[in-house]
Amino acid sequence: MSTVQTPTPGADASKSRTTRKAPADRATVLYDAPGPKAKVRNNILSGVVLAVLLLGAYFVYVKLDEKGQLTSAKWDPFTESTTWTTYLIPGIQGTVVAAGLSIVFALILGAVLGIARLSDHKPVRVIAGFVVELFRAIPVLILMIFLYQFFAEYQVFKSRYLALAAVVTGLTLYNGSVIAEIVRSGINSLPKGQTEAAKAIGLRKGQIMRMILLPQAVTAMLPAIVSQMVVALKDSALGYIIGYVEVVRSGQQVGAFYGNFLPALIIVAIIMIALNSLLTYVATALEKRLRRGKKSTGVVLTGDATQQGLST
């Protein structure tokens with residue numbers, strides 16, 4: 001006669017504790033846990049790298065101190081109003097103007113080219129694709145230099161606006177081409193069923209794009225578009241190559257006049273970080289507001305859109 005053995009509670013608890021402790025004793029999924037020798041070796045290498053970094057920092061400090069770049073007197077010009085009114089504020093204004101114009105124009109150009117790449121007409125798609133691929137492949141600095149020479153040769157703009165026009169046009173063409181791909185990919189990422197449903201109720205393609213696809217795609221595209229806006233703001237600093245007065249060029253002028261290049265560049269870096277942070281904050285707030293509005297509406301296909309589609 002066979003007997004059934006019942007497990008004791010103590011044995012089960014001991015086994016479960018062993019099971020819980022087992023993962024801590026095993027190696028991780030990403031890498032093997034270092035042994036005693038490996039830990040010693042890693043600590044030695046970390047110490048060597050830290051020592052090299054400290055030595056390099058000390059070498060830089062000594063060289064800057066020899067040039068007198070670390071004295072408090074080098075920061076005194078930034079406490080004077082004339083430094084800001086003569087150099088930095090006009091530079092900030094130039095950066096904001098160039099970046100603002102190029103961002104607005106790039107958004108318009110990107111939307112047009114992105115929608116054109118989705119056209120049912122092949123010639124339109126080919127031309128839009130050629131423009132996008134062409135200006136995405138050309139570096140922004142080369143575009144600015146070429147456009148500056150072109151505008152000056154054929155007197156397209158007055159001499160005082162040549163640099164601004166070249167900077168804005170170059171940034172618009174490059175960033176507009178990148179935004180066009182963002183728009184195209186954002187629209188293509190939407191479910192195909194929405195387009196089919198809109199066609200089923202009689203909406204034309206223009207109405208589908210304007211009422212159904214773009215409102216949804218904008219919220220999905222905003223993070224990438226914000227990143228591209230920051231790129232446009234930073235790339236506006238390349239305008240100093242062709243003589244455009246922006247914040248980097250103003251910082252260089254301050255450094256050349258007062259002989260404090262390091263403090264001037266640090267101030268310029270702080271200004272650029274502040275401008276980029278402000279742009280990111282505004283764009284992020286706009287994105288959150290659009291997402292809240294989308295959640296509150298709930299229905300993508302509004303009654304007005306449906307009625308308009310049926311009436312056509």
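The figures that follow rest on heavy atoms only: side chains count, while hydrogens, waters and symmetry mates do not.
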Checklist entry - Under 6.0 Å between ring centres, would you say that holds for F157 and F151? => result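 Aromatic pair counts; centres sit under 6.0 Å.
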Checklist entry - Which heavy atom in S102 sits nearest to a heavy atom in A232, and how many Å separate them? => result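 S102 and A232 have their closest heavy atoms at OG-CB, 4.4 Å.
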Checklist entry - Considering all heavy atoms of both residues, which atom of T95 and which atom of V247 are nearest to each other, and what is their separation? => result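 Looks like OG1-N, 3.0 Å.
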Checklist entry - Are the side chain of Q228 and the backbone of G176 linked by a donor-acceptor contact shorter than 3.5 Å? => result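 Such a contact is absent between Q228 side chain and G176 backbone.
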Next on the checklist: Angle between ring planes, Y258 versus Y87, binned at 30° and 60°: parallel, tilted or perpendicular?
Outcome noted: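 Y258 and Y87: perpendicular rings.
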Checklist entry - Should the pair F78 and W75 be assigned to parallel (<30°), tilted (30 to 60°) or perpendicular (>60°) ring geometry? => result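 Rings of F78 and W75: tilted, as their planes differ by 30° to 60°.
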Next on the checklist: With clusters defined by side-chain heavy atoms of hydrophobic residues (ILVMFWY) lying less than 4.5 Å apart, directly or transitively, does V96 cluster with V231?
Outcome noted: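 No; V96 is not reachable from V231 via cluster members.
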Item to check | Qualifying residue, where the test is side chain to side chain contact (heavy atoms under 4.5 Å, CB included) with L101 and the options are T172, V168, T169, L171 | outcome: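 Of the listed options, the one satisfying the test is V168.
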Item to check | Student check: side-chain heavy atoms of K74 and L262 closer than 4.5 Å | outcome: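 No. Closest side-chain heavy atoms not under 4.5 Å.
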Checklist entry - Can you find a pair of side-chain heavy atoms, one from L113 and one from I179, that are under 4.5 Å apart? => result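 Of all side-chain heavy-atom pairs linking I179 with L113, none is under 4.5 Å.
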Is the number of heavy atoms from other residues, nucleotides or ligands within 6.0 Å of [atom1] ([X]) greater than 12?
{"X": "Y240", "atom1": "OH", "answer": "no"}
{"X": "K205", "atom1": "NZ", "answer": "yes"}
{"X": "E133", "atom1": "CD", "answer": "yes"}
{"X": "E66", "atom1": "CD", "answer": "yes"}

Checklist entry - Got a salt bridge between R249 and E246, using NZ or NE/NH1/NH2 to carboxylate O under 4.0 Å? => result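 E246 and R249: not salt-bridged.
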Item to check | From CA spacing to verdict: salt bridge (Lys or Arg N to Asp or Glu O under 4.0 Å), E181, R184 | outcome: CA-CA 5 Å; E181 286 299 290; R184 184 180 67 87; 2.8 Å; yes
Item to check | Nearest-0.5 Å distance that lies between atom CD1 in I241 and atom CE in M144 | outcome: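 The CE atom of M144 is 10.0 Å from CD1 of I241, to the nearest 0.5 Å.
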